[in-house]
S.K.: 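Mind having a look at this structure? Questions to follow.
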There are 2 protein chains.
Amino acid sequence: MGPSERAERLQAAGLKVTGPRLAILDAVERNRNHPSAEEIHQGLAESHPSVSLSTVYSTLGTFVRAGLVRKLSEVDGRLRVDGTKGAHDHAICRMCGVIFDIDRDVAAAVATPTELPGGLAVLEVRVEYDVVCSNCRTTD
Amino acid sequence: MGPSERAERLQAAGLKVTGPRLAILDAVERNRNHPSAEEIHQGLAESHPSVSLSTVYSTLGTFVRAGLVRKLSEVDGRLRVDGTKGAHDHAICRMCGVIFDIDRDVAAAVATPTELPGGLAVLEVRVEYDVVCSNCRTTD
DNA sequence: GTGTATGCAAACAGTTTGCACAGAC
DNA sequence: GTCTGTGCAAACTGTTTGCATACAC
């Protein structure tokens, strides 16, 4: 994905195109490991050392609101972000905390109702798997 | 549920029976609203004013480790706890943040695999629904 | 009597906020 | 030129930790 394409996507979302925003969007989409704000900030340290952590936070908030990235609330309570497009679920290793993407078709037959008892209108269904990954199982 | 029954359950879990533990277990199981540590602490303010917030935290950790209560990681990043027995899922209202219990049988056909691609051994499957509750929908 | 649980206060981590400056449009 | 985005520092919230005392067993 070229940088100009990213700029267009920012504009399409009604956002101003700035250096920090391009860099953060790039970092989020390139990092498949559901990075935290701190991890994104550190990842930018060499290429864009002047981008501050608070800019990372506010920009991530902007991106989430604009629908450019997904916010994960799982595990350790830290803000974690997912730049992967398309519906998929997450498996979290209870030992090491690593988060794996799980293709929903592969794993579970999840019926996605549009309404739940009590008049709850369903916007989205999230499925999370608590797992032990192969690495943690063997090094047990 | 009588207090002596709670004491027995603590003993069965290998835990010492103390006043704070009985009070906190009572508060968690009586409060159907997935209380946070702070909410539990405030709920104890009249009946057990001497129980400190750090005791609530450490006791909740003990209970979670002993399997007496479930820990929820959803929403606002705060520790939230669920004393309801039996497998069930959660719906979180995106507007007001209230968490609803959802009987799994009612809502979704979730196949629960014991293993996922990549050698992930599944311990537990959690389903979360992002919803808008009827209250927030009408007062829109 | 021994060992764990408790309470208090201080430390800590992650996130948010206020404000002055810089940059996109 | 205007209005929003940015960087810095300080504030804030929720949680954890260290240590001396109290209590369950």
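Because only heavy atoms are used, hydrogens play no part in the values below, and waters and symmetry mates are left out as well, while side chains stay in. Chain letters run A, B, ... following the sequence lines, proteins first, then strands; residues in each count from 1.
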S.K.: In whole angstrom, what separates A:F63's CZ from D:dG5's P?
M.R.: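 Nearest whole value for this atom pair: 11 Å.
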S.K.: Please list, pair by pair, any protein nitrogen or oxygen found under 3.5 Å from a nitrogen or oxygen in nucleotides 23-25 of chain D.
M.R.:
{"unit_1": "D:dA24", "atom_1": "O3'", "unit_2": "B:V17", "atom_2": "O", "d": "3.4"}
{"unit_1": "D:dC25", "atom_1": "OP1", "unit_2": "B:V17", "atom_2": "N", "d": "3.0"}

S.K.: Using side-chain heavy atoms (C-beta onward) and a distance below 4.5 Å, is A:R9 in contact with A:L25?
M.R.: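 Yes; the side chains approach each other to less than 4.5 Å.
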S.K.: Measuring to OP1 and OP2 of C:dG7, would you say a side-chain N or O of B:T55 lies under 4.0 angstrom away?
M.R.: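 Yes, such a contact exists.
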S.K.: Spell out protein contact along nucleotides 12-19 of chain D as letters: B when the base is contacted, S when just the sugar-phosphate is, - when no protein heavy atom is under 4.0 Å; keep the 5' to 3' order.
M.R.: --SBBB--
S.K.: Between C1' on C:dT16 and NE2 on A:H41, what's the gap in Å once rounded to a whole number?
M.R.: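 To the nearest whole Å, that distance equals 16 Å.
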S.K.: For B:I99 and B:R80, work out which heavy atoms get closest and say how close.
M.R.: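 Of all heavy-atom pairs spanning B:I99 and B:R80, the closest is CD1-CD, 3.8 Å.
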S.K.: Return the orientation label for the A:H88 and A:H34 ring planes: parallel under 30°, perpendicular over 60°, tilted otherwise.
M.R.: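 Judged by the thresholds at 30° and 60°, the geometry between A:H88 and A:H34 is tilted.
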S.K.: If you check the B:R21 side chain, which of C:dT6, C:dG7, D:dG7 turns out closest?
M.R.: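 For the B:R21 side chain, the nearest candidate turns out to be C:dT6.
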S.K.: Please report the closest heavy-atom contact between A:L120 and B:A91, naming both atoms and the distance.
M.R.: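 Smallest heavy-atom distance, with atoms named: CD1-CB, 4.0 Å.
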S.K.: Just wondering, do A:V69 and A:D82 contact through their side chains at under 4.5 Å, heavy atoms?
M.R.: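 A:D82 vs A:V69: side chains apart.
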S.K.: Over all heavy atoms of both residues, which pair between B:P20 and B:T55 is shortest? Give the atoms and the distance, please.
M.R.: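 So the two residues come closest at CB-CG2, 4.1 Å.
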S.K.: Who pairs with B:E124 by side-chain hydrogen bond (donor to acceptor under 3.5 Å, both in side chains), at least two apart in sequence or on another chain?
M.R.: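 By the side-chain hydrogen bond (donor to acceptor under 3.5 Å, both in side chains) rule, B:E124 matches A:R94.
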S.K.: With sugar-phosphate meaning primed atoms plus P, OP1 and OP2, does B:T62 contact a base, only sugar-phosphate, or nothing at under 4.0 Å between heavy atoms?
M.R.: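 It contacts nothing in the nucleic acid.
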S.K.: Can you confirm whether B:R30 is buried at CZ, in the sense that more than 12 heavy atoms of other residues, nucleotides or ligands lie under 6.0 Å from that atom?
M.R.: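 Result for CZ/B:R30: open.
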S.K.: From NE2 of A:H48 over to P of C:dG23, roughly how many Å is that when rounded to an integer?
M.R.: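 A:H48 atom NE2 is separated from C:dG23 atom P by 14 Å.
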S.K.: To the nearest Å, how far apart are A:L44 CG and D:dG7 C1'?
M.R.: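 Computing the A:L44:CG to D:dG7:C1' distance gives 14 Å.
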S.K.: Could you pull out the closest heavy-atom pair between A:R78 and A:S36, with the gap in Å?
M.R.: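 Closest heavy-atom pair between A:R78 and A:S36: NH1-OG, 3.8 Å.
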S.K.: Tell me whether the side-chain N/O atoms of A:T59 come closer than 4.0 Å to OP1 or OP2 in D:dT6.
M.R.: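 Yes.
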